[in-house]
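The figures here come from the full heavy-atom set of this structure, side chains too, leaving out hydrogens, waters and symmetry mates. Model, not experiment: these values are computed from the prediction. Atoms within each ligand, like the ligands themselves, are counted from 1 in listed order.
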Amino acid sequence: EKGSAPAIPVDPRFDIAYVTPVTIGTPPQTLYLDFDTGSSDLWVFSSHTLASQVRGQMIYSPEKSTTAKLLAGHTWSIRYGDGSGSLGNVYTDNFTVGGVTVTSQAVQTAQQVSTSFTSESDIHGLVGLGFSTLNTVYPNGQLTFFDNAKSQLDSPVFTADLKWKKEGTYDFGFIDETKYTGEITYLPVQTDPGYWTFTSSGYAVGDGSFNQVSISGIADTATSLTYLPTAVVTSYWRQVEGAVNSQYYGGYVFPCSSKLPSFTFGVGSANITIPGSYINYAQITEGSPTCFGGLQSSSGLGINIWGDVALKAAFVVFNGGNPPTIGWARK
Ligand SMILES: O=C(NNC1=NCCC1)c1ccc(Br)cc1
């Protein structure tokens, strides 16, 4: 089997996140979910979610699905790297993405969600695509959609082709050669504690020389920006006149009129170049002449994150084979 589904940017002014349509249950209920390689819970806004915390999201109602089954005595609670979170109960039901159906997928129904989820009406939940070891369901951890689907896929892979301010795709079970140029460079993945963790071989700012330095980090499709070591990020923003690391705004800001240099990162002996335009993330407020950078320091996080700003510059293969690897190609 193989499947393909769109990755639609939420708020096309800036790519805060990407959502993908899925159907759950019988008859099928359609929701748009944020596919997240940085976590491993599949949760949805539901008929169980506190009414005060639902603001326009589509919801999954298990009581309206003839194939829904309560996973009795199971609960879940998750906290994301940006401080957002949610918690609730668990059902199993039929779950379909891009034509690939998993029967009896654990679907975690939210009873509570944090304010950032309430305020984002275009995101109706998340589909964790990290390793199932990260799943928070208690007392028995559940498998991700990808882990459940793997055995029925032509190949145990999924790919991310995210795009700047445009619709991209997630493919399951196959590698679409038309989506990239040159070769795919595969790197080893550290699966502990459960993220797609790999090591980049270095970086260059604009047309500058390449700095060979190992940068270990996670590929996270649900983190908007890219967070790298302070030394790397400082050398980038030093090239932008008027750029400052603002305590007030919590990161590097710069004049929106700036022409930003590109940022190149190494993947083995190959490399991926993020166009400067992708690093002009957004105006700090509508109409402001000050913009917020898409490349920020990871010093507070304890780990580097290759988020959407980096991922959308590449075609990325998440290979769930044995051992798992991650593939990068230019496009
Ligand atoms: O939570 C993480 N990724 N997913 C999401 N972010 C916001 C909503 C969903 C995340 C995971 C690992 C590290 Br390190 C930092 C962040």
Tell me whether the rings of Phe198 and Trp306 are parallel (<30°), tilted (30 to 60°) or perpendicular (>60°).
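Geometry flag for Trp306 against Phe198: tilted rings.
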Extract all N/O-N/O pairs under 3.5 Å that connect ligand 1 to the protein, and present each with both atom names and the distance rounded to 0.1 Å.
residue	atom	partner	partner atom	Å
ligand 1	1 (O)	Gly81	N	2.9
ligand 1	3 (N)	Asp220	OD2	2.7
ligand 1	4 (N)	Asp36	OD1	3.2
ligand 1	4 (N)	Asp36	OD2	2.8

For the residue pair Asn304 / Ser298, report whether a side-chain donor-acceptor contact shorter than 3.5 Å exists.
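The answer is yes; a qualifying pair exists.
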Contact check, side chains of [X] and [Y], non-hydrogen atoms, under 4.5 Å:
| X | Y | value |
| --- | --- | --- |
| Trp43 | Leu33 | no |
| Tyr170 | Asp161 | no |
| Trp196 | Phe318 | yes |

Going by atom type alone, with no hydrogens or angles, which donor-acceptor pairs under 3.5 Å involve a side-chain atom of residues 11-19 and a protein atom two or more places apart or on another chain?
residue	atom	partner	partner atom	Å
Asp11	OD1	Arg13	N	3.1
Asp11	OD1	Arg13	NE	3.1
Asp11	OD2	Arg13	NH2	2.7
Arg13	NH1	Glu286	OE1	2.8
Asp15	OD1	Lys165	N	3.1
Asp15	OD2	Tyr18	OH	3.0
Asp15	OD2	Lys165	N	2.9
Asp15	OD2	Lys312	NZ	2.8
Tyr18	OH	Lys163	O	2.8

